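Please read all numbers here as calculations on a predicted model, not as lab measurements. FYI, side chains are in, hydrogens and waters are out, and symmetry mates aren't considered; it's all heavy atoms of this structure.
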Amino acid sequence: MVLKIFFPRCCNMADSGLLVGRWIPGHDSAVVLAVIHYPFIPGHVKKYLSELRSQIQVDLTVLGSWSLSKDGQKEMDGFLKDLSTIFPHSRWLQLSREPGKKGFACEVVRKNGHAPPSGEEDKIIFVHYDQRKVMLSQLHPIHENGADVESSELRAVFHTVSQSEPLFLLDKYDDGPLKLTHWQSDGREASIIVELIKQVSVPVCILLTSLVCWWKWLWSFRVLNIWPVPFISSKLSTCVQAGYRTDHFQTVFSTRKATTHMDFMKKANMFVSFFVDIALGLLLISWLYRENRISQLANTLVPAADHVAKELQELLEWLMGAPAGLKMNRALDEVLGRFFLYHIHLWISYIRLMSPFIEMILWYVGLSACLGLTFALSVLSDIVALLTFHIYCFYVYGARLYCLKIYGLSSLWRLFRGKKWNVLRQRVDSCSYDLDQLFLGTLLFTILLFLLPTTALYYLVFTLLRLVVVMFQGLIHLSVDFINSFPLFAMGLRICRPYRLSEGVKFCVLHEEPGAPLHLLMEINPLQCSSVLQCYRTETSGCSSRDSWLALCKKLFVGELIYPWRQKTTKTD
Amino acid sequence: MAEKEEFTDISGKTIKLSCQNYSPFCREFTISSAKLSLGRVMAFTCTVWLLAYTAFYLTQNTAVLSGAIFVTLSGMLLHIHFVKVDHETLLVVGSLGVQLSAAYASGRESTTFIEMSRIKDIVINEAIHMQTVIYYLCILLKDPAEPDGVSSVVPLFQSSKPRLNCLVRVYRSCQEIIGQT
């Protein structure tokens, strides 16, 4: 077997002493965590280790001895042998380094006291690791339970190093009974501010949580739950966005401490995206409320809506004639055209009525941007939906009429062939019709068939208009969804501290000398950006799969209503 | 220590295999593929620019020319950074694991390390590529649920695609190390 020793790089030049670490069960490897320097009292070392063991739940032991020899190698040899009898062990490592040489020499002493035959001596791999990076990094994919940790050797190493954080708290300048060498931070300059923020954060969290509770309580009133209100609020993207933000708020400011890594990252991602959102919203406000831009916007909005209505009117008039040289059913064409024209007339008068107030409405609505850019975008989407309500109405009328015709045609086509739809068995059965039934059915079928092109044309034109509006709204929804779900904190961590999120490790050979053990350098392999996105994106409804394009085309062809009245379409069949 | 030999890949281009023996249980195989040929770069640039000049002659729009420059530059950058692999390395360390890395022509490296406990075996496999049958080296990964099953296959030397005689050499050395432990 090959013995693997994971050795911290910071202990390379440490003074002689005892190696503290852990034998990884099931694998032939040892993790060195620190070096305890001479002189020490063995009783103190044992007491300190047993205290640590109960604190961090990792069985730390004395692995062996470390000597950075300068002179007097001979006397040390005897002393090191004596040491191995003091501390209980199954294998005792004797690492030594000479100043001139690059590599270490290593000797393994078995429990029975003699060194193994010389053939096994070169089967030792030293893996040098950066203690700080390994301690802070999180291996992916994440397994939270401890059972998986032991199955993989690297996971066990990472787990051991990250668990032994209390060991690294002991400062080199402390005046204790023991002197240790391990990774230690360069100091804690900002710690006062950090501590203050920690102290303040608890009451702030409690206050904000109670605010959120109060807000939720307000929403749970029965008045707000009678029929039309929940239905309408589920259709308004502003309300949906407010729901998301309330949930995020509750998660971020909950007073429970995030214990697992995923919980922590989720909280941090939400917190950062929340702040960036608000900052962008404030930027938008500072741009919008300067130089009278609101009134300019209002002055362009009303003529634009008017213009759209006028264009629609012209389109209808074109359809009522002979559009693109097509010959339509004159009477039906006239009826449909008049019906839609009346609607546009109603719409124009509605806009005229609204126009004096539009500036004021915009001014107040613009304030919603201080809740975040996503709110402003959602409000914009709602405004677009409200301003193009006439297009939506036309689409619904056209689609309903078209749908009716298609269904009528399909059932009459069955009658035409002497068949009918059996509802009980959910299949098409043959059926013998009377002569007058057949006559009437065929007559109706012919009428419907000849009226179909006129309806289909109106349906086509209004569906195209509707699709343009839906696409614009879809773009806005996509951008809102992007801001809501983008893991900003994880991405920042990936860019600024690549070792924090690791996909694995990579090794490179440091140097090799014939006869001496092999030295490898273990570096952290950072997680790929695409995996960061996949792993840490915040769940929103937009993440779930939507209808496929084929299903959409089929719906359009049959005349079922597409977005947003989706639930109702299932009932109409 | 390092031995260098020349082989050919499946399309007949010369590739270099170098074996580095660090110790009896640690070996590194590097396959360097041919460098980016100047002729191909010239051909690509000339085609794009000729097309751009034709379009410019027809439309008299200078944006076409600047677009062509942009396309050639970004195309070359993307090719160097994401497509063109300079050399691929396989580092086998007995009882620790296998590390595969690919160095792109721009210097970007992508590395994967597979622990020995996850590896079932290293084998040479056959595959149908376009209209030919090719051989490739691959790592079989253990299925954690059932010890005898294979959960997935990781192909090695994916971009250089060496021929069988080269693969056999790498395969023998790998088996030596894996068989030891």
A.B. asks: Could you tell me whether a side-chain N or O of B:E115 sits under 3.5 Å from a main-chain N or O of A:L154, the two making a donor and an acceptor?
C.D. replies: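 Pair found, side chain donor or acceptor close to backbone of A:L154.
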A.B. asks: As an exercise, state the distance from SG of B:C26 to CD1 of A:I125, rounded to the nearest 0.5 Å.
C.D. replies: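 Output value for this atom pair is 7.0 Å.
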A.B. asks: Flag the pair A:V509 / B:L91 as yes when at least one side-chain heavy-atom distance between them is below 4.5 Å, and no otherwise.
C.D. replies: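 Yes. Closest side-chain heavy atoms under 4.5 Å.
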A.B. asks: Count the heavy atoms of every other residue, nucleotide or ligand shown that sit under 6.0 Å from CD1 of B:I128, and state whether that count exceeds 12.
C.D. replies: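 No, the 6.0 Å shell around CD1 holds no more than 12 heavy atoms from other groups.
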A.B. asks: Assess whether atom CZ of B:F44 is packed by more than 12 heavy atoms of other residues, nucleotides or ligands within 6.0 Å.
C.D. replies: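 Buried by this count: over 12 neighbours within 6.0 Å.
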A.B. asks: Taking all non-hydrogen atoms of both residues into account, name the closest pair between A:V2 and B:F25 and its distance.
C.D. replies: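 Reported closest heavy-atom pair: CG1-CE1, 4.0 Å.
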A.B. asks: Can you list the steps and then say if A:E153 with B:S117 is a side-chain contact (heavy atoms from CB on, under 4.5 Å)?
C.D. replies: CA-CA 8 Å; A:E153 188 178 357; B:S117 58; 5.7 Å; no
A.B. asks: Is there side-chain contact between A:N525 and B:F113, with at least one heavy-atom pair below 4.5 Å?
C.D. replies: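 A side-chain contact under 4.5 Å is absent here.
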A.B. asks: Would you say CZ of B:R108 has more than 12 non-hydrogen atoms from neighbouring residues, nucleotides or ligands within 6.0 angstrom?
C.D. replies: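 Yes, the 6.0 Å shell around CZ holds more than 12 heavy atoms from other groups.
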A.B. asks: Does B:R163 have more than 12 heavy atoms from other residues, nucleotides or ligands lying within 6.0 Å of its CZ?
C.D. replies: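 Above 12, so yes.
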A.B. asks: Return yes when atom CD of B:Q175 has more than 12 non-hydrogen atoms of other residues, nucleotides or ligands closer than 6.0 Å, and no otherwise.
C.D. replies: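 Above 12, so yes.
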A.B. asks: Is it the case that over 12 heavy atoms from other parts of the model lie below 6.0 angstrom from the OH atom of A:Y499?
C.D. replies: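 Yes.
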A.B. asks: Tell me, side chain or backbone of A:K506 under 4.5 Å from chain B's heavy atoms, or both, or neither?
C.D. replies: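 For A:K506, heavy atoms of backbone and side chain both lie under 4.5 Å from chain B.
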